[in-house]
Number of protein chains: 2
Amino acid sequence: MNAEDMNLEDGKKKFIQSWGTMGSSWGINRTMAQVHALLLISPDALCAEDIMEDLKISRGNANMNIRKLIDWGLVYKELKPGERKEFFVAEKDMWDIARCIIIQRKKRELEPMLRVIDEISSVEGTCPESEEFCKVVKDIKVFSSKADSTLDRLSKADAKWFASTFMNMIK
Amino acid sequence: MNAEDMNLEDGKKKFIQSWGTMGSSWGINRTMAQVHALLLISPDALCAEDIMEDLKISRGNANMNIRKLIDWGLVYKELKPGERKEFFVAEKDMWDIARCIIIQRKKRELEPMLRVIDEISSVEGTCPESEEFCKVVKDIKVFSSKADSTLDRLSKADAKWFASTFMNMIK
DNA sequence: AAGAACTTTCAAAAAGAAGTGAAAGTTAAT
DNA sequence: ATTAACTTTCACTTCTTTTTGAAAGTTCTT
């Protein structure tokens, strides 16, 4: 083992911490991302209590964020026979994780825009101002519809295809 | 003109407002996105004063956000002959706009992760915990390097290629 | 080099987002 | 039906981010 090697505990801390920071810049809240990180690197399922202790967060907070992760499809409930408690495991396949995130971000970032743009497309006019306006709206509409359907297909594509075709496609 | 047609003023307001909301969920601050929206739909260059008035924001705020938009490459300074004042115009080509955003988001969302993952890769071990940890870190590394180079190429691709090839590629 | 016309900075204030924890709600076993 | 083991909710607090505006800094013009 090299002197520069990082030990497991420090590595874990750093990972959870960074996944959290990352999360915020991804529009995911810090704690949600940290819970996800914790579950990702845990070899077995954890219960709410474990998570609260590890991350030093309250019950309510833990619960909220676990719930959100389940909604997103990034985490599953796991019931152990004979135990009342609920345990949680993270989805560990990178492509599935990416897929979940693509779907959620599309929902939050793209779809609302498409709706507004549709509403707004009924503006029409002949002055320079309205012409500029309509042109911009039109361009956004065309562009974002394309992006929308591309992301749609991408999120439905399977992992294998993704790895082999998409990633290399752009050569 | 239909009864349901939206008039220009309302359309503009709605557009600026929504682009702003959108911005927040994109990790771009609301005001920055609104300034961008305003410039996007304006047929000619606006000065700081115009922007302050239109959006009802302070001088400092306007200045900061214009500056950030310029840094991102979404807005250009325009100097009118004979005028001291600086005017600003938005980049209006959708593909150029997308490109700027891809570059910035990659910088903020992906690159920091790659750095941390690199640091962390020096952990090694033999217990189940460290094995799980190393596996996850490895998977993330592989995946995010691929994503990184794909985005890189994408951001260097030109508009024409983008429109014709990429968008339809996934058929 | 003095003045006018703008632009930038920054510390303090306001707004907004996230976290807490105790109380209320559920559910499974007896 | 009761209880015990969990989960969820929500009014309140704490932390973060954004905005303000006045003061300081620039840079053209004469």
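Residue numbering restarts at 1 for every chain, and letters A, B, ... go by the order of the sequence lines. Only heavy atoms go into these numbers, but all of them, side chains included; no hydrogens, no water, no symmetry mates.
Closest contact between the side chain of B/S58 and the listed nucleotides D/dT19, D/dC6, C/dT7 involves D/dT19. Considering only side-chain atoms of B/R84, the nucleotide from D/dT7, C/dT8, D/dT27 that sits closest is D/dT27.
Taking atom CE on B/M32 and atom C1' on D/dT17, their separation rounds to 15 Å, with Å as the unit. Remark: P of C/dG19 and NZ of A/K56 are 16 Å apart, rounded to the nearest angstrom. If you measure from atom CG of A/N65 to atom C1' of C/dA17, you get 12 Å, rounded to the nearest angstrom. Here the C1' atom of nucleotide D/dC6 and the CZ atom of A/R67 are 11 Å apart, to the nearest Å. Between A/K68 atom NZ and C/dG19 atom C1' there is a gap of 11 Å when expressed in whole angstrom units. Residue B/F87 contributes atom CZ, which lies 15 Å from atom P of C/dA5 at whole-angstrom precision. When the P atom of D/dT7 is taken as reference, atom CD1 of A/I57 falls 13 Å away, rounded to whole Å. Between the CD1 atom of B/I66 and the P atom of C/dC6 there is a distance of 14 Å, rounded to whole Å.
Residue whose closest nucleotide on DNA chain D sits further toward the 5' end, between A/F88 and A/R30: A/F88.
Heavy atoms of B/N61 sit under 4.0 angstrom from at least one base atom. At the heavy-atom level, B/N63 lies under 4.0 Å from base atoms of the strands shown. When heavy atoms are screened at a 4.0 angstrom cut-off, A/R59 is found touching base atoms of the nucleic acid. Here A/K77 lies out of heavy-atom contact (under 4.0 Å) with every strand.
In this structure, B/K135 places its NZ atom where only 12 or fewer heavy-atom neighbours from other residues, nucleotides or ligands lie under 6.0 Å away. Heavy atoms from other residues, nucleotides or ligands lying under 6.0 Å from NZ of A/K14 number 12 at most.
For B/T31 and D/dT18, the shortest distance from a side-chain N or O to OP1 or OP2 is not below 4.0 Å.
Residue B/E109 forms a side-chain hydrogen bond (donor to acceptor under 3.5 Å, both in side chains) with just one option from B/R105, B/K107, B/K106, and that option is B/R105.
Ring geometry, B/F133 versus A/F15: the interplanar angle exceeds 60°, so the pair is classed perpendicular (tilted spans 30 to 60°).
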Show your reasoning for whether side chain to side chain contact (heavy atoms under 4.5 Å, CB included) applies to A/K156 and A/R99. CA-CA 8 Å; A/K156 278 167 193 144; A/R99 189 207 310 276; 5.7 Å; no
